[in-house]
Amino acid sequence: MSELPKIYNSKEVEDRWYAFWQEKNLFHGKPDPAKAPFCIVIPPPNVTGILHMGHALNNTIQDILVRYHRMKGQEALWMPGTDHAGIATQNVVEKSIAKENLKRQDMGREKFIERVWSWKEEYGQTIIRQLKKLGSSCDWERLRFTMDQDYSSAVKEVFVSLYEKGLIYQGNYIINWCPRCQTALSDEEAPHQQLQGNLFFLKYPLKESPTDFVVVATTRPETMLGDTAVAVNPKDKRYKKLIGKKLIVPLVNREIEIIGDEMVDAKFGTGAVKVTPAHDPNDYAMGKKHNLQFITIMFPDGRLNENAAAYKNMDRFKAREAIIKDMKDQGLLEKIQPHELSAGHCYRCHTLIEPYLSKQWFVKMGPLAKPAIEAVKKGKIKFHPKRWTKVYLNWMENIQDWCISRQIWWGHRIPVYYCKTCAEKPHPAAGVIVSRKQPTHCPGCGSSDIYQDEDVLDTWFSSWLWPFATFYWPFDSLPEGKRQQAKQELDYFYPTSVLVTAPEIIFFWVARMIMSGLEFMKDIPFKDVYIHGTVRDSEGKKMSKSLGNIIDPLEIINEYGTDALRFSLISITAQGQDVYLSKERFEQGRNFANKIWNASRFIMMNLDTAYIKEDLCAHVKKNELDIVNRWILSRLYSVIREANKNLDSFKFNEAANLLYGFFWHDFCDWYLELIKTDIKDPHNQLIMYKVLEKFLRVIHPFMPFITEEIWHRLHPATESIMIQPWPHLQTNLIDKKIEEKMSAVFVAVTAIRNLRAELEIPLTSILNFKVFTSLVEQKLFQSLATHIETISKNKLIGTASQAEYIHSPGQFDLVLNGAHIVIPLSGVLDTQKHKNKIDTEIQKTLSEIKAKENLLSNENFVKRAPQDIVEKEKIKLSELNEKLKKQKEVSDGLQ
RNA sequence: GGGCUCAUAGCUCAGUUGGUUAGAGCGUUGCGUUGACAUCGCAAAGGUCUGAGGUUCAAGUCCUCAUGGGCCCACCA
């Protein structure tokens, strides 16, 4: 058998095996009626994306799930793809053309879009390449892009279909406007951030008596130029009599009325509110209600427009300063108060959002939300951890209509066309053609003078179709011959199994996919939603470029290996908790990979190849094996059973840590050490091989590369480990009694080592020790005694503890967990030190006994606690007493 | 304003449905290793489980409040 290098070299193996998997087409999933489907659709990263720790975590979890279910015999499909990320991508390309001193407006729409496509061709594969470095077993021949032609037909179908159902409408409303990106945004795209601002108190003169004023408070004084009323609460005694009176808006000298409205909070500010219906959602509502004038004072780029009089062309913030100065000069600024507020910011460029009145397209969400609420309430879709259910429901139950039109160029063009001829007719929908196919003429008047809506759709309006649009729904873009197959695939894999994602996009994406799935597939898009935590730095801050606290996954892969990255990430990811990372954290994964490597190396160095034939295992009967082999087999299957449970309930960290502990401690520290001196024994050969082989399979989903490499060195001619069956749970090999016996042995050995270390016994030998009593189970320990004797004869303890033997007359007594171990040691020990140690232990035992006695003399405990608990406590007490007795004997003997 | 979440060893974190003197990794200290692995082994030290109440025979675990982190939502002029 070939000898392995001393240290695992991830760089040397990873790319090779990834290519191998792809060559063998092992990631491909296709309908197989004999198997149950398991499908995950990837949260498509932005084409502009560069792999960060969040991606690494997200995709490692998905890959573990997919590999696990694939090995369990399910037909596994992981659907990959990227998102065209409208605004983000457009911004990136705009930056790149800016280097050539170009603006997209100079290029024109068509040229610019061409430029984006060529950018995508050149750089759009970056994130995909990086996902491959991570080991992701995606079905790459299905790679989708949300701007694919086929995908576009799904988007059109959905838009038109919702329009026909009356769920899409166009209208003038206040929306979130980003003056930098110059587009409308949905509410979700304009998250609120705390802001230290000011409250400005402005004096508006009364028309009748210009020396009297009404003072209004505002955080955005520049909007005063668009004021068309001042509102007060009709119950407010201070202002009641002023309702109906006229005011003059300074600087623009506009005459406005004081209106009464219950919405006004008399306690805030001065109790009088300036009303700017075109620049504030509340004011908008008031404007509608009171039939006010809507005056827009801003250009789309944030400069003030012709309605702003002298302030025209000034930037909104410059205008604010100018207005404040002018008001002050005119004695119309009462005061400025510092005021903390929160306001929307563009999620792409972080520019302060401007509430802006404009004509946009909206989706009516109420009717779509209803079944999506039901599906979750009835448990058809489950969130893990559960608490996100509440977050989801809360949002869904208060859902607002969704603004879906964007004034950018990169995206799905809205499938709406206008007829210039008909547009002159009176009713509002005249000349509006909503169509799946590009029309050549107006169906109303036959005119060919038509043009398409300039806007594109929100990126999420395509992402929300991901679980079925990736299967080519609605199929009409496919050639006739391929439709049937596509339908079968959708039918087979939909609903998908699990969605794995981060909490940030529950509203953006998860909730909307549930709605679109129920609306268009008439079924949920996935059964389980696993929400993992956010990756943070060691101080709890979110990792971000601007904070400079990024740990680059590629750097970790380069330094420690992909498996190390994956294992470390997973082992620290408790269900749904945020992940705090520092670079050192990855050492654990690297060390573990190296441990697996070296244990395998050791086994291969000592393994006679005759034993690697699987069928040999069948010839060994369980009861022919010695206790050590039976123990490790029992541990193996106990651990696999537990790991199955953990994986099935999304407890990835628990599974990872369990497997880690088993391999490192049970298998390497104890088992391999115990059999070392007898390693050529046929049973030992067989079992060490078998355990390694099974372990490699179960750790494979976590650490795909190293396991594949070792697998092939073990089996020069076999197939990939990734398509080996997941170990069948041999429950008949699980023997808890054996596990208990062995752990008693380990406790004993540990105690001896401890003693040796503490009492500074010189490195000689420990000879002929015996274990001969049991208080818990006499029989159990009797049989243990036999085994211990065997072990002792084989000098196995000596090997395990790496100690030499103490040759000396006399004896040493050790009492542990009811086992009395006699070790002949007298003459080597420092009697006084020994006695001190025993006496310390006696003190400890005494206080434990006291605690137990107190507990058992508590009538309430004895009466009310379950009988088995009480019994257990009684047994423990008698054990303790027995232990005390032995300890005292030992102590007395040391006088 | 509403809600979520966290607080356990020097550090980073586990801790199942409450069951009885709390675990891991890293770090520290001591010992060891010429035969798998110094990316190693053996052992030790280190905890009033943030605080105050409560429920219970029994609380790190459940409830209430407080303190201090982190996060989300909201039409906070």
Side-chain angles (χ1 to χ4, degrees), chain A residues 3-4 6-8 174 191-192 199-200 216-220 223 231 263-265 268-270 272-276 280-285 339-343 355 387-388 390-391 394-395 398 400 503-504 506-507 533-534 536 538 540-542 560 564 568 571-572 574 576-582 584-585 587-588 590-606 645 649 651 653-654 657 660-661 668-669 672-673 676 750 753-758 760 763 800-803 844 847-848 851-852 855 858-866 868-870 872-873 876:
Chain A
E3 193 169 317
L4 268 53
K6 270 190 141 181
I7 288 175
Y8 170 60
I174 298 271
H192 283 75
L199 201 51
F200 300 90
V216 294
T218 179
T219 53
R220 292 184 296 152
T223 61
M263 264 176 77
V264 178
D265 178 1
F268 189 92
T270 59
V273 193
K274 56 190 275 312
V275 183
T276 323
D280 184 277
N282 283 329
D283 295 6
Y284 175 83
H339 181 71
E340 198 172 85
L341 71 161
S342 79
R387 66 186 144 93
W388 295 109
K390 223 173 131 181
V391 175
N394 184 46
W395 186 75
N398 297 295
Q400 302 293 311
E504 297 96 89
I506 292 178
F507 307 144
T534 305
R536 301 176 181 284
S538 50
K541 296 205 182 89
K542 204 167 162 173
Y560 300 100
S568 301
S571 79
I572 200 179
Q577 280 323 118
D578 286 352
V579 182
Y580 286 42
L581 275 183
S582 62
E584 298 76 58
R585 191 71 208 190
E587 287 173 9
Q588 190 195 359
R590 177 200 55 187
N591 294 354
F592 187 41
N594 199 56
K595 189 72 182 176
I596 295 173
W597 183 258
N598 271 293
S600 306
R601 175 168 178 262
F602 172 71
I603 289 171
M604 282 187 238
M605 277 166 56
N606 290 289
K645 248 194 257 172
S649 52
K651 291 174 182 168
N653 66 320
E654 288 183 37
N657 293 326
Y660 176 95
C668 292
D669 291 348
L672 289 181
E673 292 300 329
K676 221 172 218 176
T750 301
R753 290 168 177 167
N754 172 336
L755 196 72
R756 216 201 61 216
E758 274 192 31
E760 294 157 31
L763 265 187
S801 63
Q802 304 247 333
K844 202 179 153 202
S847 71
E848 282 176 45
K852 289 278 174 259
L855 183 65
N858 182 339
E859 269 181 44
N860 278 327
F861 173 74
V862 179
K863 242 191 292 176
R864 300 200 193 181
D868 56 321
I869 298 284
V870 178
K872 240 193 249 172
E873 292 304 319
K876 272 184 200 157

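Note that the structure is a prediction, hence the values are computed from the model and not measured. Reminder, nothing fancy here: chain letters follow the sequence lines and each chain counts from 1. Values reported hereafter were calculated over all heavy atoms of this structure, with side chains retained and with hydrogens, waters and symmetry mates removed.
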message: Across nucleotides 14-26 of chain B, 5' to 3', mark each nucleotide with B, S or - according to how protein heavy atoms within less than 4.0 Å reach it.
response: SS---BBB---S-
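Closest to the side chain of A:Ala599, out of B:A36, B:A77, B:C72, is B:A36. Listed nucleotides: B:C76, B:C37, B:G41. Nearest to the side chain of A:Asp669: B:G41. Comparing atom distances between the A:Lys595 side chain and each of B:U39, B:C4, B:C37 picks out B:C37 as nearest. Distance from the side chain of A:Asp265 is smallest for B:A77 among the nucleotides B:A77, B:U39, B:G41. For A:His192, the listed nucleotide lying nearest its side chain is B:A74; candidates were B:A36, B:A77, B:A74.
Distance check on atom P: B:U61 versus B:U56 gives 16 Å, rounded to whole Å. Taking atom C1' in both B:A36 and B:G25, one finds a spacing of 22 Å when rounded to whole Å. Between B:G69 and B:U8, the two P atoms lie 15 Å apart (nearest whole Å). Nucleotides B:U50 and B:G60 place their P atoms 10 Å apart, quoted to the nearest Å. Remark: the separation of the C1' atoms in B:A44 and B:G10 is 16 Å, to the nearest Å. Nucleotides B:C6 and B:C40 have their P atoms positioned 33 Å apart, rounded to a whole Å. B:A9 and B:G15 have their P atoms separated by 15 Å, given to the nearest Å. To the nearest whole angstrom, the two P atoms, one in B:C11 and one in B:G35, are 38 Å apart.
Rounded to an integer number of Å, the gap from CG of A:Asn394 to P of B:G2 is 14 Å. When rounded to the nearest whole Å, the span between CE of A:Met604 and P of B:G35 equals 19 Å. Taking atom NZ of residue A:Lys274 and atom P of nucleotide B:A77, one finds them 11 Å apart after rounding to whole Å. Rounded to an integer number of Å, the gap from CG of A:Asn398 to P of B:C73 is 13 Å. At whole-Å resolution of the value, CZ in A:Arg590 and P in B:U39 are 7 Å apart. In this structure, A:Met605 places its CE atom 6 Å from P of B:A36, rounding to the nearest Å. Atom P of nucleotide B:C71 and atom CD1 of A:Ile506 are separated by 16 Å, given to the nearest angstrom. Put simply, OH on A:Tyr560 is 12 Å from P on B:U39, counting in whole angstrom units.
For the atom pair CD of A:Glu873 and CG of A:Asp868, the computed distance is 10.5 Å after rounding to the nearest 0.5 Å. Here A:Tyr560 contributes atom OH and A:Asn594 contributes atom CG; the two are 13.0 Å apart, rounded to the nearest 0.5 Å. For the atom pair CG (A:Asp280) and OG1 (A:Thr219), the distance works out to 8.5 Å, reported to the nearest 0.5 Å. Annotation: the span from A:Lys595 atom NZ to A:Gln588 atom CD amounts to 13.5 Å, rounded to 0.5 Å. The CD1 atom of A:Ile596 lies 9.5 Å from the OH atom of A:Tyr8; values are rounded to the nearest 0.5 Å.
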message: Could you write out RNA chain B as dot-bracket? Rules: Watson-Crick or G-U wobble, both distances under 3.5 Å, brackets [ ] for crossings, | for pairs with another strand, dot for unpaired.
response: (((((((..((((.....[...)))).(((((.......))))).....(((((..]....))))))))))))....
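The backbone N or O of A:Ile572 lies less than 3.5 Å from no partner atom in the side chain of A:Asn653, so there is not a single donor-acceptor pair. Side-chain atoms of A:Asn598 never come within 3.5 Å of backbone atoms of A:Ile7 as a donor-acceptor pair (strictly under, hydrogens ignored).
When heavy atoms are screened at a 4.0 angstrom cut-off, A:Ile7 is found touching base atoms of the nucleic acid. Looking at heavy-atom distances under 4.0 Å, A:Lys863 makes no contact with the nucleic acid at all. Among the protein residues, A:Phe592 comes within range of no part of the nucleic acid, since none of its heavy atoms lies under 4.0 Å from any strand. Base engagement by A:Val264 is indicated by at least one non-hydrogen atom pair under 4.0 Å involving a base atom.
Between A:Asp280 and A:Asn594, the one whose closest nucleotide on RNA chain B sits nearer the 5' end is A:Asn594.
Below 30°, between 30° and 60°, or above 60°: for A:Trp395 and A:Phe507 the angle between ring planes is below 30°, a parallel geometry.
What you find for A:Leu199 and A:His339 is that their closest heavy atoms are N-CB, 3.6 Å. For the residue pair A:Thr223 and A:Thr276, the shortest heavy atom distance occurs at O-CG2, 3.3 Å.
Judged by atom type and distance alone, A:Glu673 reaches the base of B:A36 through a side-chain donor-acceptor pair under 3.5 Å.
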message: Set out, in order, the CA-CA distance, both residues' side-chain angles and the distance that settles side chain to side chain contact (heavy atoms under 4.5 Å, CB included) for A:Arg585 and A:Ser571, then state yes or no.
response: CA-CA 10 Å; A:Arg585 191 71 208 190; A:Ser571 79; 4.0 Å; yes
